[in-house]
Asks: 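Here you go, one structure.
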Amino acid sequence: MGLNESKGNMYPWITHTWNTVKGACPHDCSYCYMKRFGQQKSVHFDKKELKTDFGAGNFIFVGSSCDMFANTIPIEWILETLRKCIGSPGNKYLFQTKNPGAFMSIQKVGYWRPNICTTIETNRWYPEIMHNSPRPEERAECMGMFSAYPRYVTIEPIIDFDLPKMVELIKRCNPAQVNIGADSGRNSLPEPHFDKVLELMDQLKGFTTIAEKKNLDRLRRK
């Protein structure tokens with residue numbers, strides 16, 4: 001089996017995606033792009049993916065279609081996935097989750113420092129949007145525990161926020177980079193005005209690097 005080439009609205013530095021945990025994500029966020037493909041199977045572990053040839057020199061987003069670190073995912077699924085990655089050290093890896101406390105599992109497979117990322121769409125709690133996800137302040141608190149790892153934050157889709165509180169949450173994560181993007185799925189989310197987004201970016205640039213995703217252009221044109 002081979003890796004899936006990165007397509008669509010993916011981070012530009014990601015070359016491939018790979019998923020062992022598949023099916024309906026336990027977080028059930030209302031805007032999840034996977035919902036566009038109709039009813040999903042229940043979450044499951046695809047053991048066949050462990051036979052994938054990773055090659056070398058790739059930057060692989062592991063778990064791009066389902067949050068493999070969600071609280072209800074069996075720890076052994078996570079560990080088998082991590083062992084496969086650590087067995088191919090010739091690549092770079094990105095792990096992204098809304099439950100960064102589960103990054104503790106990375107330490108169970110040996111000394112290893114992959115790139116880790118959490119999503120913080122807003123500082124506010126929108127239960128009708130985020131459903132089963134940890135609250136944004138919980139995500140920021142957990143990211144602060146992993147100072148030895150290259151850390152990133154993704155604000156996508158950006159949802160209306162309170163500027164001082166949002167900046168403080170991101171600062172607590174101490175990210176090397178913050179990726180900012182808008183909703184690509186026409187999910188009628190409560191979005192901020194682009195002037196507010198610009199102000200957020202201006203303040204974040206005081207302590208981290210900003211990467212704007214292409215889909216942010218839609219807010220710019222409003």
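Positions are given from 1 along the sequence. Just so it is clear, the model here is predicted, and its values are computed rather than measured.
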Asks: State yes or no: do L94 and V178 share one hydrophobic cluster built from I, L, V, M, F, W and Y residues joined by side-chain heavy-atom distances below 4.5 Å, directly or via other members?
Replies: no
Asks: Name all residues meeting the side-chain contact (heavy atoms from CB on, under 4.5 Å) criterion together with E141; count only those two or more places apart in sequence or in a different chain, and write none if there are none.
Replies: R172
Asks: Tell me, which pairs form a salt bridge (charged side-chain N to carboxylate O under 4.0 Å, His left out) where one or both residues lie in residues 97-108, sequence neighbours left out?
Replies: K98-E121
Asks: Give a yes or no on whether K196 atom NZ has more than 12 heavy-atom contacts from other residues, nucleotides or ligands under 6.0 Å away.
Replies: yes
Asks: Among all residues two or more places apart in sequence or in another chain, which pass the side-chain contact (heavy atoms from CB on, under 4.5 Å) test with S64?
Replies: M10, T17, N19, F61
Asks: If you round to the nearest 0.5 Å, how far is OG1 of T122 from CD1 of I158?
Replies: 8.5 Å
Asks: List in chain and number order the residues that pass ring pair (Phe, Tyr, Trp, His ring centres under 6.0 Å) with F161, two or more places apart in sequence or in another chain; answer none if no residue qualifies.
Replies: none
Asks: With hydrophobic residues grouped by side-chain heavy-atom distances under 4.5 Å, do L169 and I116 end up in a single group?
Replies: no
Asks: Does P175 offer a backbone N or O that forms a donor-acceptor pair with the side chain of T208 under 3.5 Å?
Replies: yes
Asks: State yes or no: do V109 and F45 share one hydrophobic cluster built from I, L, V, M, F, W and Y residues joined by side-chain heavy-atom distances below 4.5 Å, directly or via other members?
Replies: yes
Asks: Using 0.5 Å steps for rounding, measure from the CD atom of Q107 to the OH atom of Y111.
Replies: 11.0 Å
Asks: Is it true that N4 and H16 share a donor-acceptor pair across their side chains at a distance under 3.5 Å?
Replies: no
Asks: Under the side chain to side chain donor-acceptor pair (under 3.5 Å) rule, collect the residues that match up with S133, sequence neighbours excluded.
Replies: none
Asks: Any side-chain heavy atom of N174 sitting closer than 4.5 Å to one from S147?
Replies: no
Asks: List in chain and number order the residues that pass side chain to side chain donor-acceptor pair (under 3.5 Å) with N71, two or more places apart in sequence or in another chain; answer none if no residue qualifies.
Replies: N99
Asks: Atom CG of D67 and atom CG of N132: how far apart are they, to the nearest 0.5 Å?
Replies: 11.5 Å
Asks: C66 versus P26: any side-chain heavy-atom pair under 4.5 Å?
Replies: yes
Asks: Could you tell me which non-hydrogen atom of N115 sits nearest to which non-hydrogen atom of K92, and how far apart they are?
Replies: ND2-CB, 4.5 Å
Asks: Can you name the side chain to side chain donor-acceptor pair (under 3.5 Å) partners of K205, sequence neighbours left out?
Replies: none
Asks: Please check: side-chain N/O of H131 versus main-chain N/O of E128, any donor-acceptor pairing under 3.5 Å?
Replies: yes
Asks: Flag yes if more than 12 heavy atoms outside E5 fall under 6.0 Å of its CD atom; otherwise flag no.
Replies: no
Asks: When hydrophobic residues are tied together by side-chain contacts of less than 4.5 Å, even through go-betweens, does L216 share a cluster with W13?
Replies: no
Asks: Give, for atom CG of N187 and atom OH of Y33, the distance between the pair rounded to the nearest 0.5 Å.
Replies: 13.5 Å
Asks: Which is it for M166 and R124 under the side-chain contact (heavy atoms from CB on, under 4.5 Å) test, yes or no, and what are the steps along the way?
Replies: CA-CA 8 Å; M166 186 65 168; R124 300 176 185 174; over 6 Å; no
Asks: Please list every donor-acceptor pair under 3.5 Å in which a side-chain atom of residues 149-156 meets a protein atom from a residue at least two apart or in another chain.
Replies:
from, atom 1, to, atom 2, distance (Å)
Y149, OH, R113, NH1, 3.4
R151, NE, F146, O, 3.2
R151, NH1, M143, O, 3.1
R151, NH1, C173, O, 3.2
T154, OG1, Y11, OH, 2.6
T154, OG1, N179, ND2, 3.1
E156, OE1, K213, NZ, 2.9
E156, OE2, N9, ND2, 2.7
E156, OE2, N215, ND2, 2.8

Asks: Answer yes if the ring centres of Y93 and W18 are under 6.0 angstrom apart, and no otherwise.
Replies: no
Asks: Under 3.5 Å, side-chain donor or acceptor atoms of residues 77-88 against the rest of the protein: list the pairs with distances, not counting sequence neighbours.
Replies:
from, atom 1, to, atom 2, distance (Å)
E80, OE1, K47, NZ, 3.0
E80, OE2, K47, NZ, 3.3
T81, OG1, T20, OG1, 2.6
T81, OG1, W77, O, 2.8
R83, NH1, E76, OE2, 2.9
K84, NZ, L50, O, 3.1
K84, NZ, T52, O, 2.7

Asks: Got a sec, which hydrophobics cluster with Y31, joining ILVMFWY side chains under 4.5 Å apart, including via others?
Replies: W125, Y126, I129, M130, I159, L189
Asks: Drop me the distance from I210's CD1 to E212's CD, to the nearest 0.5 angstrom.
Replies: 8.5 Å
Asks: Checking N123 side chain against D162 main chain: does a donor-acceptor pair fall under 3.5 Å?
Replies: yes
Asks: Working to the nearest 0.5 angstrom, can you tell me the gap between E137 CD and C142 SG?
Replies: 11.0 Å
Asks: Between F103 and F95 (judged by ring centroids, cut-off 6.0 Å), do the two rings come close enough to count as a pair?
Replies: no
Asks: Side chains of M201 and I180: closer than 4.5 Å at any heavy-atom pair?
Replies: yes
Asks: Verify, without hydrogens or angle tests, whether D160 (side chain) and P190 (backbone) share a donor-acceptor contact under 3.5 angstrom.
Replies: no
Asks: Output yes when a side-chain donor or acceptor of N58 lies under 3.5 Å from a complementary backbone atom of F54, and no otherwise.
Replies: yes
Asks: Could you tell me if the side chain of T118 sits less than 4.5 Å from the side chain of Q96, heavy atoms only?
Replies: no
Asks: Does any N or O in the side chain of R139 come within less than 3.5 Å of the main-chain N or O of T119, such that one atom is a donor and the other an acceptor?
Replies: yes
Asks: Look only at the side chain of N91 and the backbone of G57, and say whether a donor-acceptor pair between them is shorter than 3.5 Å.
Replies: yes
Asks: With sequence neighbours left out, what residues match R218 under side-chain contact (heavy atoms from CB on, under 4.5 Å)?
Replies: A182, D183, E191, R221, K222
Asks: Check this for me: M145, atom CE, are more than 12 non-hydrogen atoms of other residues, nucleotides or ligands nearer than 6.0 Å?
Replies: yes
Asks: For A70 and H27, which heavy atoms make the closest approach, and how far apart are they?
Replies: CB-NE2, 3.6 Å
Asks: With sequence neighbours excluded, what pairs up with H193 under the side-chain contact (heavy atoms from CB on, under 4.5 Å) test?
Replies: D195
